[in-house]
> 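Okay, handing you the structure first.
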Amino acid sequence: MKTAIAYIRVSTQKQGRSGLGLEAQQATVARFAAAEGYKIVETFVEVETGKGGDALETRPQLAAAIARATKAKGTVIVAKLDRLTRDVHFGSGLMARKIAFKVAEMPHADNFQLHLFLALAEQEREMISNRTKAALAACKARGVKLGAPNAGQNKAQAAAAFAESLREVIEPVMCQSSRQIAAHLNARGIATAEGSSWQSAQVIRLIARLQPKERLDVAA
């Protein structure tokens, strides 16, 4: 069997509700390894309490996983690409190393393709950010007050604007189940407004905000 090193990255604050918890990632990696003929010889777990850095100096377990894979001439396996990194520059450095990285949710992607996915995801995040800003600007132009004192209304406006920014991504897959749409968004590296991975319930709320354009009220 092929040798593999598992790398798991979790947040002590978010792992329970994000769907990216320790057990979920371990199970995903284990299924992938069994299906693809890998033997996991060691697992490294990175625990972060906030937005983790993308330098190996701040990710000691990732550095250890890479060193172990290099020594064993093995492959580093992660459950999701964002568990490895969301940063294109950092990811480029990782993919240039003389070891292979595999992402369980992208089983056929090699290092070069993973680098492309990172670049596309970063571009998409920037586009979504721009569309969200444009939607909020449209609210302001219509006379909607976006600042305090009504925090609840402001939150609803921001959520509606974020949903609108994803319209072009969601509409082509609207006929799929909420679970399938969540997987589609996660595979494209698109995070929720809070920066976490998508779950079925979040997709359902997102779709509820995406009314036909002629009836859309961004301030709703």
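Values below: all heavy atoms of this structure, side chains included; hydrogens, waters and symmetry mates excluded.
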> Hey, are the side chains of F44 and I5 touching, using non-hydrogen atoms and a 4.5 Å cut-off?
yes
> Do side-chain atoms of E171 reach the backbone of E168 as a donor and acceptor pair under 3.5 angstrom?
no
> Tell me the closest heavy-atom pair linking I204 and S178, and the distance in Å.
CG1-CB, 3.8 Å
> Is the closest side-chain heavy-atom distance between V41 and R68 below 4.5 Å?
yes
> Do E46 and Y7 have side-chain atoms, one donor and one acceptor, less than 3.5 Å apart?
yes
> Measuring only between side-chain heavy atoms, which start at C-beta, is K2 closer than 4.5 Å to T75?
no
> Measure the spacing between OG1 of T43 and CD of Q25 and express it to the nearest 0.5 Å.
11.0 Å
> Tell me whether F90 is reachable from F112 by hopping between hydrophobic residues (I, L, V, M, F, W, Y) whose side-chain heavy atoms are closer than 4.5 Å.
no
> Can you find a pair of side-chain heavy atoms, one from V103 and one from L84, that are under 4.5 Å apart?
no
> Can you name the nearest heavy-atom pair linking V76 to A69, along with the distance?
CG2-CB, 3.6 Å
> If you define the side chain from C-beta out and look only at heavy atoms, does anything of L22 sit under 4.5 Å from V47?
no
> Is it the case that the side chain of N111 and the backbone of I99 share a donor-acceptor pair, with hydrogens and angles ignored and the cut-off at 3.5 Å?
yes
> To the nearest 0.5 Å, tell me how far E164 CD sits from L206 CG.
10.5 Å
> Do you know which two heavy atoms are closest between T85 and G91, and how far apart they sit?
CG2-CA, 3.9 Å
> Quick check: closest heavy atoms across L114 and L81, and the distance to 0.1 Å?
O-CD2, 4.1 Å
> Does atom NZ (K39) have a neighbourhood of more than 12 heavy atoms from anything else shown, all under 6.0 Å?
no
> Rounded at 0.5 Å granularity, tell me how far CZ in R209 sits from CZ in R167.
13.0 Å
> Atom CD of E105 and atom CG of N186: how far apart are they, to the nearest 0.5 Å?
6.0 Å
> Grouping I, L, V, M, F, W and Y whenever their side-chain heavy atoms are under 4.5 Å apart, do V173 and L210 come out in a common cluster?
yes
> A191 and F162: which non-hydrogen atoms are nearest, and at how many Å?
O-CZ, 3.6 Å
> Does the pair T192 and L185 meet the rule for a side chain to side chain contact (heavy atoms under 4.5 Å, CB included), with working shown?
CA-CA 9 Å; T192 66; L185 291 169; over 6 Å; no
> Let me confirm one number: the CD1-CD1 distance from I8 to I77, rounded to the nearest 0.5 Å.
9.5 Å
> When rounded to the nearest 0.5 angstrom, what distance separates CZ in R31 from CD in Q26?
11.5 Å
> Taking the side chain from S92 and the backbone from V88, do they hold a donor-acceptor pair closer than 3.5 Å?
no
> Quick check against the 3.5 Å criterion: does R83 have a side-chain atom that pairs as donor or acceptor with the backbone of R9?
yes
> I need the minimum non-hydrogen distance between W198 and I190, along with the two atoms involved.
NE1-O, 3.0 Å
